[in-house]
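Notes to accompany the following structure.
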Amino acid sequence: MKSIITLFAFLFSTGLAAQTSQTLFDDGWTFSQDGKTISVNLPHDWDIYTAPNPESGATGTGGGWYAAGKGEYRKKFATPKGEIVKLHFEGVYQKAEVFVNGQKAGQHGYGYTPFTIDVTPYLFKGKRQNEVVVKVNNSEQPNCRWYSGSGIYRHVWLETMPALHISENGVFVTTPKIEANKATVNVEVTVQNEGNSEQQSIVEVEGQQKTVLLKAGESKKVDFSYTISNPHLWSPDDPYLYTANVKLSTLSSQLSTKYGIRSFSFDAEKGFMLNGKPMVLNGACVHHDDGVLGSMAFDAAEIRKVKLMKEAGFNLIRTSHNPTTRAFLDACDSIGMLVIGEAFDGWRTAKLKYDYSTLIDSCYREDIHAMVMRDRNHPSIISWSLGNEVIERKELRVVHTARLLKKAVLEIDDTRPITEALCAWDRDWEIYDPHFEVLDIGGYNYMIFKHGSDHQRDPKRVMWQTESYPRDAFRNWATVNDHPYVVGDMVWTGLDYLGESGIGRYYYEGERPGESFAEGGQPDWHGAYCGDVDITGWRKPSAITVRCCGTSKVSGQRPMVCIWQ
């Protein structure tokens with residue numbers, strides 16, 4: 001095990017302060033499936049180790065013809081020191097049940113959001129070894145329109161803490177006022193008492209101290225504000241990061257949170273402004289898999305994806321169609337990449353028999369909170385997306401659902417606009433106006449040609465094309481450049497990905513025609529070939545095209561162009 005955060009205890013007048021730690025819990029697991037047991041380290045995706053099979057692959061053409069199924073992970077560990085012990089899972093696909101020493105400690109349904117299980121009541125005291133078992137059920141197929149992978153495919157952490165501590169994702173940093181020579185930084189700290197008695201502590205941020213008294217089981221928010229002179233602003237060209245340090249007097253630990261100072265706005269007359277300057281958004285949709293690694297989210301692979309998109313000339317990534325990883329967003333912050341953080345593919349009406357429509361009523365608020373609380377400090381994120389091409393878009397209830405999901409986001413973060421990707425495969429479009437009214441930015445999938453009539457009908461609507469065909473790159477950029485209310489375009493996709501087998505495929509005379517949506521799918525394919533960059537990281541000939549490198553909305557001139565070599 002590797003300790004990522006090293007904390008040192010020191011003495012207070014009242015005695016030895018308690019220690020908080022977070023330790024990577026990836027190594028030394030066993031994995032069992034179909035009567036066979038092997039040793040594995042995490043992240044682990046059992047599907048990618050098997051060959052796709054069009055005859056038996058339960059995930060079908062959407063999932064790349066993989067088997068999915070059920071699997072079980074086990075690991076033994078000593079009881080760590082600490083009043084509270086938790087296991088944090090960055091992502092398990094999917095329907096995970098967690099057992100500790102034979103007792104069920106918790107469960108989680110959605111495969112793309114993180115979750116934490118308090119295992120304290122189930123641990124043995126003394127030197128006796130504990131055993132954690134994670135049962136993963138991805139047998140209900142199909143449940144995803146692209147390759148999901150199967151298993152504990154993201155990191156797991158062992159967390160220990162005293163009863164009184166800063167809650168998970170309990171530091172929220174915002175920069176509400178930015179001027180040329182100073183910036184105001186607000187820090188909201190949530191302190192939690194998971195003990196059985198009342199406790200008191202002093203919270204300290206940047207030299208400021210406030211006393212907090214909490215009853216048993218209570219949590220409280222403590223607000224701080226300070227000024228930074230001559231702030232170094234974050235942007236994709238200059239991704240400078242600051243650090244906010246938070247201390248509790250009753251803890252030996254210091255919690256450090258990175259953040260960026262930047263301002264942005266969306267306006268139908270001025271377009272998108274970053275740090276007071278106009279900027280056109282050249283975006284790419286990116287799925288969560290890492291090509292030949294399947295869904296195994298190794299940090300280096302996540303960083304590589306961001307670098308590939310940056311090198312390809314993009315300045316924005318839409319995480320289609322689910323929350324991405326912590327490592328991916330850390331890379332966007334440090335490398336310089338704007339992000340739309342997306343929650344779901346669909347809502348209440350199923351696209352597939354076992355998709356999120358089976359979970360939404362019981363889990364949507366939990367899943368949105370998990371995404372937004374984890375990701376809200378990332379300066380790279382400029383918008384939250386609620387969904388993608390929802391099937392019930394023509395029904396009145398879709399407006400109610402959109403409002404519920406938006407409310408769940410705003411309960412955690414009201415500093416970013418809300419968007420959603422809408423589409424139409426027929427002539428109906430204007431009927432979506434009540435749906436668009438819920439959104440701060442209208443997302444158009446392949447529909448930005450409707451911008452003119454939509455703008456006449458609703459002059460204040462801000463639009464961006466959340467999906468587009470690569471072949472339309474120049475036409476889309478002319479639209480973005482000429483009309484400030486259209487702030488950007490996002491190509492489908494930046495990277496090739498697994499699943500949706502055959503999308504973008506080429507074929508010769510005599511071969512089976514069509515793409516993934518052809519009847520029976522494309523059995524000879526298990527990936528999508530529509531990316532500007534292929535699954536190994538090489539730029540395709542089709543990506544040697546004209547794309548926007550600069551912005552000139554103020555001058556009214558055409559944007560400069562760059563030819564990818």
Side-chain angles (χ1 to χ4, degrees), residues 146 235-239 272 274 279-293 297-321 324-325 327-342 380-383 445-446 448 464-481 487-498 500 503-506 527-551 559-565:
W146 56 93
S235 71
D237 293 331
D238 186 11
F272 174 67
L274 181 67
M279 181 179 184
V280 289
L281 296 171
N282 179 16
C285 298
V286 175
H287 270 312
H288 79 292
D289 72 273
D290 283 304
V292 296
L293 297 177
F298 297 105
D299 286 10
E302 298 292 278
I303 294 168
R304 175 177 175 269
K305 283 193 295 192
V306 179
K307 286 183 176 179
L308 287 172
M309 294 295 92
K310 181 88 170 184
E311 291 167 358
F314 296 107
N315 60 19
L316 178 140
I317 291 174
R318 174 186 174 215
T319 67
S320 49
H321 302 292
T324 186
T325 65
F328 186 91
L329 293 175
D330 285 344
C332 291
D333 289 346
S334 60
I335 294 171
M337 179 67 71
L338 300 172
V339 177
I340 299 173
E342 192 153 88
S380 54
I381 294 183
I382 58 170
S383 178
N445 278 12
Y446 314 100
I448 206 60
W464 50 21
Q465 186 156 230
T466 35
E467 289 181 26
S468 67
Y469 296 113
R471 65 173 181 259
D472 296 332
F474 185 81
R475 184 180 68 184
N476 292 333
W477 274 107
T479 300
V480 172
N481 182 75
V487 296
D489 175 64
M490 297 155 224
V491 68
W492 188 270
T493 56
L495 282 164
D496 281 357
Y497 55 95
L498 298 177
E500 290 196 280
I503 280 186
R505 71 184 282 265
Y506 53 86
Y529 195 70
C530 53
D532 279 16
V533 179
D534 74 18
I535 210 160
T536 66
W538 287 95
R539 213 169 292 166
K540 298 178 188 175
S542 61
I544 304 174
T545 186
V546 181
R547 286 199 181 276
C548 178
C549 286
T551 175
M560 60 183 287
V561 298
C562 55
I563 305 297
W564 292 351
Q565 303 292 336

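Quick caveat: nothing in here was measured; it's all calculated off a predicted structure.
- Judged by distance alone, with hydrogens and angles left aside, the side-chain atoms of Glu302 form no donor-acceptor pair with the main-chain N or O of Ala327 at under 3.5 Å.
- No side-chain heavy atom of Phe314 sits less than 4.5 Å from a side-chain heavy atom of Val286.
- The structure places CG of Leu274 at 8.0 Å from CD1 of Ile382, a figure rounded to the nearest 0.5 Å.
- Heavy atoms only, all atoms of each residue included: Gly537 and Leu308 are closest at O-CD2, 3.6 Å.
- In plain terms, the two heavy atoms of Glu342 and Thr319 that are nearest each other are N-OG1, 2.9 Å.
- Between Trp146 and His287, the angle of the ring planes stays under 30°, which puts this pair in the parallel group of the 30/60° scheme.
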Decide side chain to side chain contact (heavy atoms under 4.5 Å, CB included) for Ile340 and Met490; before the verdict, give the C-alpha distance in whole Å, the side-chain angles of both, and the deciding distance to 0.1 Å. CA-CA 11 Å; Ile340 299 173; Met490 297 155 224; 3.4 Å; yes

Can you list the steps and then say if Arg318 with Glu467 is a salt bridge (charged side-chain N to carboxylate O under 4.0 Å, His left out)? CA-CA 9 Å; Arg318 174 186 174 215; Glu467 289 181 26; 3.1 Å; yes

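- Between Met279 and Pro236 the shortest heavy-atom distance is CE-CG, 3.8 Å.
- Under the 30°/60° scheme for interplanar angles, the aromatic rings of Trp492 and His321 are found to lie parallel.
- Side chain of Asp333 to backbone of Ser380: a donor-acceptor contact under 3.5 angstrom is found.
- Interatomic distance, CG of Leu329 versus CD1 of Ile381, reported as 5.0 Å (0.5 Å rounding).
- Closest heavy-atom contact between Asp496 and Cys530: OD1-N, 3.4 Å.
- A pairwise comparison of heavy atoms in Asp289 and Gly291 identifies OD2-N, 2.9 Å as the closest pair.
- Interatomic distance, Cys332 SG to Ile317 CD1, rounded to the nearest 0.5 Å: 5.0 Å.
- Here the rule is side chain to side chain contact (heavy atoms under 4.5 Å, CB included) with Pro470, and of Thr493, Asn476, Val491 only Val491 fits it.
- One finds the CG atom of Asp489 at 8.5 Å from the CG atom of Asp472 (value rounded to the nearest 0.5 Å).
- Scanning all heavy atoms of the two residues, the minimum distance from Cys285 to Ser320 falls at CB-OG, 3.5 Å.
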Does Val533 form a side chain to side chain contact (heavy atoms under 4.5 Å, CB included) with Met309? I'd like the steps, not just the answer. CA-CA 8 Å; Val533 179; Met309 294 295 92; 3.8 Å; yes

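- Atom CE of residue Met337 and atom NZ of residue Lys307 lie 12.5 Å apart, to the nearest 0.5 angstrom.
- Formation of a donor-acceptor pair under 3.5 Å by the Arg539 side chain with backbone atoms of Glu311 is found in this model.
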Given side chain to side chain contact (heavy atoms under 4.5 Å, CB included), test Asp290 with Phe298 step by step and report yes or no. CA-CA 9 Å; Asp290 283 304; Phe298 297 105; over 6 Å; no

Going through the distances and angles, do Asp534 and Thr536 end up as a side chain to side chain donor-acceptor pair (under 3.5 Å)? CA-CA 5 Å; Asp534 74 18; Thr536 66; 2.7 Å; yes

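- Of the possible polar contacts, none joining the Asp330 side chain to the Ile303 backbone as a donor-acceptor pair under 3.5 Å is found.
- Side-chain contact between Val480 and Phe272 is absent, with no heavy-atom pair separated by less than 4.5 Å.
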